[in-house]
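Below you will find the structure I want to go over with you.
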Amino acid sequence: MFSLEGITTATQDWLLIKFNPTIALAIECVIVILLSISLFALLGLVLVLMERKVAARIQIRLGPNRVGPGGIFQTAADTLKLVMKEGLTPDTADKFLFNLAPFVVMMVAMLLLAPIAFAKNFQIWDINIGVLYISAISSLSVIGILMAGWASNNKYSLLGAMRSGAQIVSYELSAGFAVLTIVVLTGSLQISEIVAAQENGWWLFKGHIPVIIAFVLYIIAVTAETNRAPFDLAEAESELTAGFHTEYSGMKFALFFLAEYINIFIVCAIGATLFLGGWMPFHMGNWESFNHIMDYIPSSIWFMGKTFFLIFLIMWFRWTFPRLRVDQLLNLEWKYLLPISLFNLLLVTIIAIMGWHF
Amino acid sequence: MYNQTEIIKDTTELGPEGELVVNMGPQHPATHGVLHLVVTLNGETIKKIEPHLGYIHRSIEKMCESLTYRQFIYVTSRMDYLSSHINNTACALLVEKGMQIEVPERAQYVRTILNELTRIASHELWIGAMAMDLGAFTPFFYAFREREMITDIMEDTCGARLTMNYIVPGGLMYDIHPDFQNKVKAFIKQFKEKVTEYEDLVTNNVIFQSRTKGVGILSAEDAISFGCTGPVARASGVSCDIRKIAPYDVYAKVEFDEVIETAGDSFARYMVRIKEMNQSIRIIEQLIDTIPEGDFVGKTKNVLKLPKGEFYQRVETARGDFGVYIVSEGGTTPYRIKFRSPGFSNLSALSHMAEGSKIGDLMATMGTLDLVIPDIDR
Amino acid sequence: MTNEEIKVYISSHAPSVSYDETGEWLNLTIEAAEWKDLALAITRSPLKMDYLFCLTCLDWKTHLTMVYHLTSTTYRHNIVVKANLILDKPQIETVSEIWRTAEFHEREVFEMFGVHFLNHPDLRKLILEEDFKGFPLRKDFEDPINMIKL
């Protein structure tokens with residue numbers, strides 16, 4: 001059976017035979033860096049195409065269909081176009097911060113990749129505070145956005161960045177509480193343990209209604225955190241032309257664009273890990289034969305399937321809802337979502353202590 | 001043109017403490033054309049809006065002074081390009097009124113049907129554009145699906161899809177396409193089936209309602225004082241439908257309701273337009289089967305000369321009361337012509353409606369005013 | 001209200017008005033100085049001319065004429081008010097605080113015809129550039145570059 005775990009183990013064994021452990025570790029690091037960069041490039045291409053195809057399906061049209069069969073090379077062509085374009089820096093901009101900002105946003109997205117378990121025993125860094133690490137790092141992306149907005153010396157950018165700051169800081173609370181419910185149920189911050197705890201059923205099914213509420217809250221909060229419609233106020237194009245990246249062009253714009261999609265992938269991957277069991281196949285309690293059949297599907301496919309399902313959900317939102325107004329957005333968080341998540345966390349804690357979950 | 005330092009100097013002009021002056025337009029996604037709004041902000045709250053016009057001013061009024069009464073009609077298609085048929089009708093009606101030309105019934109029926117189709121097409125485009133202002137992209141494509149059928153009918157009838165130029169003083173330029181009635185009926189059938197999709201996608205959407213209800217309120221007194229007409233005034237409870245007040249063509253013969261809402265907010269303006277489309281369908285249904293046989297154009301002289309005097313014709317376009325005012329000296333060209341465009345007056349109310357609200361509200365208000373910039377600038 | 005009744009009411013407020021009923025609507029020609037008082041009078045009962053639907057100007061080469069098309073949203077009667085202005089120094093009182101739509105229309109007439117509206121809150125160019133010379137809709141306006149003589 002195909003397994004990513006087998007490949008990694010074989011590679012490591014081979015490296016340890018050939019080189020001494022330090023050099024082997026260095027080579028492994030290089031391989032991981034190359035793999036994650038190519039994953040980024042690939043994800044960017046696939047997700048942008050997916051977004052355009054999903055949008056087209058919802059909007060009764062065909063979407064890209066000229067470059068390559070079914071338009072699959074459309075995003076590659078777009079990337080090529082963006083690479084060729086001049087990366088313009090405005091005269092009045094703060095040049096250092098202006099050029100740094102897209103890389104900050106990008107780096108944050110890359111750092112978040114570390115603790116994600118893509119398949120069974122296929123993880124860059126199984127840190128014992130995985131969930132904490134994710135919440136800590138994901139807060140940093142707002143710095144990149146604020147940096148971009150401020151350094152552009154453009155009023156639209158500044159407004160967009162300020163909106164984005166207010167939004168991300170607020171919605172992080174809800175997302176954090178939703179993540180905490182799972183931590184409370186599992187009793188661990190480590191991603192691998194959270195996945196292992198879902199062997200006899202995913203938390204979404206095991207944890208009664210409170211976990212379903214937490215899941216819904218999580219999806220809403222991360223949609224806001226990634227600045228996606230209906231919460232795309234930071235780049236509300238009919239209001240602020242393009243928000244914080246108004247002044248960016250060429251590859252620097254492409255980095256923002258890419259980072260947006262990578263962030264979606266990452267939050268969906270985390271959502272899939274916490275609520276839908278990550279790479280864990282769909283198991284039903286003690287149905288041994290059913291569980292065995294499910295095990296035959298490789299764990300990486302389970303993980304990707306769940307992640308892409310969540311990504312599809314978020315794309316579906318974007319093409320259905322109008323945008324919220326900035327005060328409505330903050331009202332929604334502080335008056336509704338936050339109290340609900342606090343209460344919900346309390347409920348989950350009671351369930352966890354009493355052992356009422358399956 | 002300008003050199004770099006001048007531009008920098010212009011943009012760094014400092015206002016009072018805490019104020020942010022933002023130029024919205026002339027190139028901005030939400031102004032649908034070249035409207036330029038200088039918006040003074042305090043944080044996200046709007047303190048002052050000052051429209052700057054003229055980016056697409058072609059001085060059509062001056063131009064018309066040297067065009068004959070047959071020619072000047074076609075310039076008006078370029079003003080409010082979304083209801084060009086209705087603009088053409090207004091000019092033709094005025095010339096007919098001035099010269100007492102008899103218009104055959106067939107032409108009147110066809111004009112009325114086409115006017116109502118134009119109104120539906122304009123409102124369809126408006127739904128899409130307004131939803132886009134509010135950040136929803138999808139309704140645009142649903143609205144254009146139906147609008148496409150209308151433009152196809154227009155193309156069959158007059159060979160053009162946007163600037164029709166189909167109406168001449170005395171009637172129509174040529175007879176309707178033999179398939180016209182069937183196509184219009186097919187459109188009515190599809191429209192009635194699909195209009196519920198807008199209700200599902202837009203009207204009943206919680207976010208859409210919270211974005212538009214209570215936003216950009218215009219009271220009835222203000223609507224009258226600002227000279228607002230069309231759906232904007234009717235949403236504030238002002239009865240102002242020219243088709244009812246001073247019926248032209250065959251509007252006196254058909255049954256339809258003047259849609260009036262009383263809330264005066266953006267949602268009321270939205271509802272007025274949605275209901276108006278249904279009323280337009282009602283008008284077309286009454287007329288489409290009874291188009292009389294006969295001539296499509298009345299007898300006119302080759303050279304039209306309006307008698308000395310002043311003439312005024314009001315029609316109801318998709319945006320409101322469109323007026324043509326001609327002062328004639330008895331020659332072949334008008335001495336002075338004035339187009340009273342509905343958008344110009346509606347725009348003057350924008351500042352009053354949006355002050356003190358958020359930037360997002362400005363988009364909702366401006367979207368529901370349905371501004372067409374070439375109509376405002378002329 | 002019939003035209004006769006309107007005439008009686010208006011004559012009681014502005015005695016020097018002359019009438020013309022040849023057109024579609026009742027036309028009255030007034031002195032420019034009387035306009036503000038008359039405007040205030042006709043917005044009140046019983047006329048309630050609360051709706052100014054068209055405001056424009058005519059250039060007769062010898063003089064300018066301001067034209068106000070008014071209607072009542074309650075009674076639906078229309079009148080047209082005209083006021084002659086001197087070509088050299090055209091001046092008339094603004095009506096922008098009575099009918100607020102006049103604010104934009106007067107700004108347009110100001111730049112196109114050069115009519116000066118007294119006490120207008122914000123009399124600046126609306127459509128043309130700030131440094132534009134001349135009044136384009138006047139008959140004597142010449143622009144050798146952009147205008148084609150027919």
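Residue numbers start from 1 in every chain, and the chains themselves are labelled A, B, ... in the order their sequence lines are given, proteins ahead of strands.
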query = More than 12 heavy atoms of other residues, nucleotides or ligands under 6.0 Å from NZ of B:Lys185: is that the case?
reply = yes
message = So for atom NZ, which belongs to A:Lys95, do other residues, nucleotides or ligands contribute more than 12 heavy atoms lying within a distance under 6.0 Å?
response = yes
request  = Verify, without hydrogens or angle tests, whether A:Lys155 (side chain) and B:Val21 (backbone) share a donor-acceptor contact under 3.5 angstrom.
outcome  = yes
query = Pick from B:Ala136, B:Ala131, B:Ala364: which one has the most heavy-atom pairs with chain A under 4.5 Å?
reply = B:Ala136
ask   = Are A:Leu159 and B:Leu20 close enough that some pair of their side-chain heavy atoms sits under 4.5 Å apart?
value =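 In short, these two side chains touch, coming nearer than 4.5 Å.
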ask   = Given a strict heavy-atom distance threshold of 4.5 Å, which part of B:Met24 is in contact with chain A: side chain, backbone, both, or neither?
value =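 For B:Met24, backbone and side chain are both near chain A.
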ask   = Quick check: are there more than 12 heavy atoms from other residues, nucleotides or ligands sitting under 6.0 Å from CZ of B:Phe141?
value = yes
ask   = Any Lys/Arg nitrogen of A:Arg325 or B:Glu44 sitting under 4.0 Å from an Asp/Glu carboxylate oxygen of the other?
value =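 Looking at A:Arg325 and B:Glu44, the cut-off is not met.
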Flag if over 12 foreign heavy atoms under 6.0 Å of CZ, B:Arg161 =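 Yes, enclosed.
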task = Compare every heavy atom of B:Ile207 with every heavy atom of A:Pro322, then report the nearest pair and how far apart it is.
result =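 Smallest heavy-atom distance, with atoms named: O-CG2, 3.5 Å.
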Shortest non-hydrogen contact from A:Gln59 toward B:Tyr142 =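 In terms of heavy atoms, the two residues are closest at CA-CE1, 4.4 Å.
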Under 4.5 Å from a heavy atom of chain B, the part of A:Asp327 involved = side chain
task = Go through the atoms of B:Val202 and report whether side chain, backbone, both or neither lie under 4.5 Å from a heavy atom of chain A.
result =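 The answer is neither part of B:Val202.
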key: Residue selection (most heavy-atom pairs with chain A, distance under 4.5 Å) from B:Gln27, B:Met132, B:Lys358   = B:Lys358
Which side-chain N or O atoms in residues 308-321 of chain A pair as donor and acceptor under 3.5 Å with protein atoms at least two apart or in another chain?
unit_1	atom_1	unit_2	atom_2	d
A:Arg318	NH1	A:Glu51	OE2	2.9
A:Trp319	NE1	A:Glu51	OE1	3.4
A:Thr320	OG1	A:Trp316	O	2.6

message = Could you measure the distance from the CZ atom of A:Arg323 to the CZ atom of B:Phe208? Nearest 0.5 Å is fine.
response =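 It is 13.5 Å, given to the nearest 0.5 Å.
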inquiry  = Can you tell me which portion of B:Asp133 sits under 4.5 Å from chain A's heavy atoms? Options are side chain, backbone, both or neither.
reply    = both
